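Per chain, numbering begins at 1; letters A, B, ... match sequence-line order. Since the model is a prediction, treat every value here as computed from it, not as a measurement.
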2 protein chains.
Amino acid sequence: MTKKKRITLKDIANEFNVSIATVSKALNDSYEISAKTKSKIQQYAQKHHYKPNSIALNLQNRKTKTIGVIIPNILNHFFTKVFVGIEKVATEKGYNLITCISNESYEKEVSAMELLKNSALDGFILSIAEETQIKQNFSHFQNTINQGIPIVMFDRVTDEIECDKVIVNDKEGAYNATNYFIETGCKNIAIVSTIHNLSVGKLRLQGYKKALQEANIPVDEALILKVDEFHDIDTLLKIVLDSKKVDAMLCLEEDSAVSTLRMVCSKGYKVPEDISIIGFTNGVLPRHVTPAITTISQHGIYLGETATKMLIERLENEDSETSHTTKVIKTNLIERDTTKPLPY
Amino acid sequence: MTKKKRITLKDIANEFNVSIATVSKALNDSYEISAKTKSKIQQYAQKHHYKPNSIALNLQNRKTKTIGVIIPNILNHFFTKVFVGIEKVATEKGYNLITCISNESYEKEVSAMELLKNSALDGFILSIAEETQIKQNFSHFQNTINQGIPIVMFDRVTDEIECDKVIVNDKEGAYNATNYFIETGCKNIAIVSTIHNLSVGKLRLQGYKKALQEANIPVDEALILKVDEFHDIDTLLKIVLDSKKVDAMLCLEEDSAVSTLRMVCSKGYKVPEDISIIGFTNGVLPRHVTPAITTISQHGIYLGETATKMLIERLENEDSETSHTTKVIKTNLIERDTTKPLPY
DNA sequence: GTGAAAGCGCTAACAT
DNA sequence: ATGTTAGCGCTTTCAC
């Protein structure tokens, strides 16, 4: 099997002893070219599987129809779902995705951005790495924007950068969940956070506090469990369960919800009779553990779709210097077996 | 904030009233250029963040340092892990990833390949969509290879295409699992397959049969459950549990292992005392359900790394027309609570 | 030591 | 109706 080299305009031009320009025009169905020339060239091109060299086109247009995607952690189910949404819309609109995983690292995020920019893409869709949110160093984003490359941020965003954003209504999600606890008779509501460094973590905490305040329940800092490299979740849970009366726990992401459920059960509490649990992110895990965990769905796929549409919209209307917008995706509560039913 | 347009060689040349060629050589540290010219140009370039336009470079080199990745389903934990491995090595070696999801569809696979080829990449890493394996139509792969674009296939492969491959030792994995059942006293071993259309599904079935035959246990076709659009898993499981004596079940992927566990428990069987269960794919789910499921790990990350190394190896040694190789990744059994311990 | 020119594949303005 | 030319940004002979 011999390698068929890709055929170019030049090859076709030689074949018919016409100029390259004629071939180009013929293939683009220009009115300048006679019908019969057009048809013979088009036929020949078809037969020989002519495909324009898109690198050459890109050089000319300074457009690549490529979107750079940077995701903090693809093993996180929420991000996987967002990615599915991004991929779906991108493919529909004929865009390619070029993807890096920042692995929550600032270094990696910066270098990924460099790498991707070097391969020339039209814009970015990204969610900020945890380390970057801690460092609060966003200059690589600003530089990118200054170079004329638009960014759409999703989920983990920052006010410091002006760009299009798609976020989840985290505050409201936590607020609603906390209210749900309150309405089903819970009063001592703990919160388990592994993500207090993230913008989303902070918003969720705000929503929790707001609901408590509205219900005239004092915020007890001892019930706010911050899991980090120095404080593992099991220890924190044990301490609070042994020292405090707790009848509900709001977990700020999927994995800690599962861990919390385990610990609560192993301590002999009945779920949801003694302790109710709600967790953020409606992944596979909460649905499959026993009892199945009530979750707050963030509609990852829809979020990804929305972000991609926003970016493509901006790319294809560069003339219109519209200002940047932030879209908010509503969460909703998916009731399962770790919460009591609402009273009617 | 004004848009700083990207600076080009031409801009620098104008700045110093030298030719573009001189600038190019200076930046490439050519011996032809005087030390002082070099240093002033290099400094200027640095200060103004000169970055070569990689599209122009690509045009010239016909290399893009970009790898196309096609994954059947990113929501499948195994593929997500493979993707992590691919991404890791690609980034290390300075390659970009341009990714599509075939969604198990033949159409989408073909068009994804077209889309990706148009954006000019150096090679592909892919796993074949289910529908494609059913159709057995692989000409899009052959065409790509004929165009001089190498492919590395992973996990789901076909003998019909000659290319580099990385596969899991599926047959041996199923063989070992089945033997494990036999050694722990099981005799009536069922198999639950949702993937009999896939190459990997067939291999796993072979391993199962081989182990049975070696142990002189007759293969009972009624114990081979093929789940498909017409036969849902719950019904098949009920029928076999009601009509047959079963003391072990080998599930060919993650989700059906979880479903099987549920059904077996809900029928009142004790796991593993009455019925043992082993499932392929060591994802989050099997580890977190109760009881935790014994699984066969396919080392997805390592597989992804291996595939990527193979492709880059081939890309960077195009001269050496080495023949194609197939690497086999060993599986191993991760014992949890759905199997009895081995007797010593 | 520096520059002019060709070429990578293609398009588009401008001849003929 | 067809061809010529320039140019996208860069590298690489080959002259000077």
_Suppose we call a contact any N or O donor and acceptor under 3.5 Å apart; does that hold for the side chain of A:Lys25 and the base of D:dG3?_
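Pair found.
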Note to self: The test is salt bridge (Lys or Arg N to Asp or Glu O under 4.0 Å); show your working for B:Lys38 and B:Asp29 and say whether it passes.
What the structure shows: CA-CA 7 Å; B:Lys38 270 201 276 200; B:Asp29 218 13; 3.4 Å; yes
Provide a list of protein-nucleic acid N or O atom pairs under 3.5 angstrom, restricted to nucleotides 7-10 of chain C.
residue: C:dG7; atom: N2; partner: B:Gln60; partner atom: OE1; Å: 3.0
residue: C:dG7; atom: N2; partner: B:Gln60; partner atom: NE2; Å: 3.3
residue: C:dC8; atom: O2; partner: B:Gln60; partner atom: OE1; Å: 3.4
residue: C:dG9; atom: N2; partner: A:Gln60; partner atom: OE1; Å: 3.4
residue: C:dC10; atom: OP1; partner: A:Tyr50; partner atom: OH; Å: 2.6
residue: C:dC10; atom: OP1; partner: A:Asn53; partner atom: N; Å: 3.1
residue: C:dC10; atom: OP2; partner: A:Leu9; partner atom: N; Å: 2.8
residue: C:dC10; atom: O2; partner: A:Gln60; partner atom: OE1; Å: 2.9

Length of the line joining [X]:[atom1] and [N]:[atom2], which is rounded to integer Å:
X	N	atom1	atom2	answer
B:Asn61	D:dG9	CG	C1'	12 Å
B:Asn58	D:dC10	CG	P	12 Å
A:Phe16	D:dG3	CZ	P	13 Å

Any non-hydrogen side-chain atom of [X] less than 4.5 Å from a side-chain atom of [Y]?
X	Y	value
B:Leu116	B:Cys100	yes
B:Val166	B:Ile329	yes
A:Thr91	B:Lys108	yes

Checklist entry - Closer than 4.0 Å, any side-chain N/O of B:Ser19 to the OP1 or OP2 of C:dG3? => result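 For B:Ser19, the contact criterion (side-chain N or O under 4.0 Å from OP1 or OP2 of C:dG3) is met.
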Phosphate OP1/OP2 of C:dT2 contacted by B:Thr37 side-chain N/O (<4.0 Å):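 Yes, within the criterion.
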>> Before you tell me yes or no, could you show the steps for B:Glu104 and B:Arg156 under salt bridge (Lys or Arg N to Asp or Glu O under 4.0 Å), namely the whole-Å CA-CA distance, both residues' side-chain angles and the distance that decides it to 0.1 Å?
In response: CA-CA 11 Å; B:Glu104 304 290 10; B:Arg156 304 198 198 147; 2.9 Å; yes
According to the side chain to side chain donor-acceptor pair (under 3.5 Å) rule, which pairs have a member within residues 11-20 of chain B, sequence neighbours left out?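 Sorted result for residues 11-20 of chain B: B:Thr8-B:Asp11, B:Glu15-B:Tyr44, B:Ser19-B:Thr22.
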Quiz prompt | More than 12 heavy atoms from other groups under 6.0 Å of CD on B:Glu92 | solution =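 Yes, because the 6.0 Å sphere around CD of B:Glu92 holds more than 12 heavy atoms from other groups.
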query = Does CD in B:Gln136 sit with more than 12 non-hydrogen atoms of other residues, nucleotides or ligands closer than 6.0 Å?
reply =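 For B:Gln136, atom CD is crowded (more than 12 foreign heavy atoms under 6.0 Å).
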According to side chain to side chain contact (heavy atoms under 4.5 Å, CB included), who are the partners of B:Asp159, at least two apart in sequence or on a separate chain?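 By the side chain to side chain contact (heavy atoms under 4.5 Å, CB included) rule, B:Asp159 matches no residue at all.
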Check every strand shown and say whether A:Asn17 touches a base, only sugar-phosphate, or nothing at a heavy-atom separation below 4.0 Å.
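Here A:Asn17 touches the backbone only, sparing every base.
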- Item | ring-ring contact (aromatic ring centres under 6.0 Å, His included) partners of residues 98-153 of chain B, not counting sequence neighbours, each pair once |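 ring-ring contact (aromatic ring centres under 6.0 Å, His included) check on residues 98-153 of chain B returns B:Tyr106-B:His140.
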- Item | Distance-only side-chain donor-acceptor flag, B:Asn317 / B:Glu313, under 3.5 Å |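 A pair is found: one side chain offers a donor N or O, the other an acceptor, under 3.5 Å apart.
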Rounding to 10°, can you tell me the angle the first-five-pair axis of the helix from C:dG1-D:dC16 to C:dT16-D:dA1 makes with its last-five-pair axis?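 Computed angle between terminal axes is 60°.
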Any residue of residues 29-36 of chain A with a heavy atom less than 4.0 Å from an atom of DNA chain C
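Per residue number, the list reads A:Glu32.
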